[in-house]
Amino acid sequence: MAVVLPNALLTVYVLPHPWERDANGVPVPPNPNSRPAPRGTWPGAITEQTDGTWSARLDPRAWPVRAGDTLSDETGRTWTITTARNHQVPGCPGVDYVQAAATLNPPEVP
């Protein structure tokens, strides 16, 4: 079993949840161009996978995060979360973490 150690300070930006629903009851995501205030910055791990996606291990204080939320590191790179789950071990809170899959966002062109 491999242990993934923190390799970045990750800032979590969370969109308003739950999303509002339209007249047909379909969830409507918030405006993707608006970036909410950060929830917090914690040590975490972000690694690129062989298929080009990214795997993130976040501090449990980042929970809840959902698809569409974003992460950034101290170098300015940003990722959009595609899936996330809260990993908890009963009776052992020291090993709890949030696992997320994400895609790297292209750099912004000035």
Side-chain angles (χ1 to χ4, degrees):
M1 177 171 141
V3 175
V4 179
L5 298 174
N7 63 3
L9 287 174
L10 298 173
T11 302
V12 179
Y13 297 89
V14 178
L15 297 169
H17 294 292
W19 292 352
E20 294 184 15
R21 296 185 178 269
D22 65 11
N24 297 319
V26 176
V28 178
N31 181 352
N33 296 325
S34 66
R35 188 170 180 173
R39 175 175 285 166
T41 301
W42 301 285
I46 186 102
T47 54
E48 187 172 13
Q49 304 302 302
T50 56
D51 64 356
T53 62
W54 290 76
S55 176
R57 302 286 176 126
L58 308 173
D59 189 281
R61 293 173 286 185
W63 187 256
V65 292
R66 295 187 174 96
D69 295 340
T70 57
L71 305 171
S72 69
D73 69 3
E74 62 273 7
T75 67
R77 294 184 301 176
T78 63
W79 296 265
T80 299
I81 294 174
T82 55
T83 61
R85 72 179 182 96
N86 194 14
H87 182 272
Q88 294 180 312
V89 178
C92 194
V95 297
D96 293 349
Y97 64 92
V98 175
Q99 179 173 349
T103 56
L104 182 64
N105 296 329
E108 303 233 352
V109 178

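Shown here for Ala62 and Val12, the closest heavy-atom pair between the two residues is CB-CG2, 3.8 Å. Asn7 and Ala45 get closest at one heavy-atom pair: OD1-CA, 3.2 Å. Taking each heavy atom of Ala102 and Trp79 in turn, the nearest pair found is CB-CB, 3.8 Å. Shown here for Thr82 and Ala67, the closest heavy-atom pair between the two residues is O-CB, 3.3 Å.
With hydrogens and angles disregarded, a donor-acceptor distance shorter than 3.5 Å links the side chain of Glu74 to the backbone of Leu9. Proximity of a side-chain donor or acceptor of Thr11 to a complementary backbone N or O of Thr41 within less than 3.5 Å is not detected. For Asn105 (side chain) and Arg77 (main-chain N/O), no donor-acceptor pair under 3.5 Å exists by modelled atom type. Proximity of a side-chain donor or acceptor of Arg39 to a complementary backbone N or O of Arg61 within less than 3.5 Å is not detected. Counting only distance, with no hydrogens or angles, the side chain of Asp59 and the backbone of Tyr97 share no donor-acceptor pair below 3.5 Å.
Going from atom CG of Leu58 over to atom CD of Gln99 covers 9.5 Å, rounded to the nearest 0.5 Å. The CD1 atom of Ile81 sits 5.5 Å away from the CG atom of Asp69 when rounded to the nearest 0.5 Å.
For the pairing with Val65, the side-chain contact (heavy atoms from CB on, under 4.5 Å) check across Val98, Thr70, Leu71 returns one residue only, Val98.
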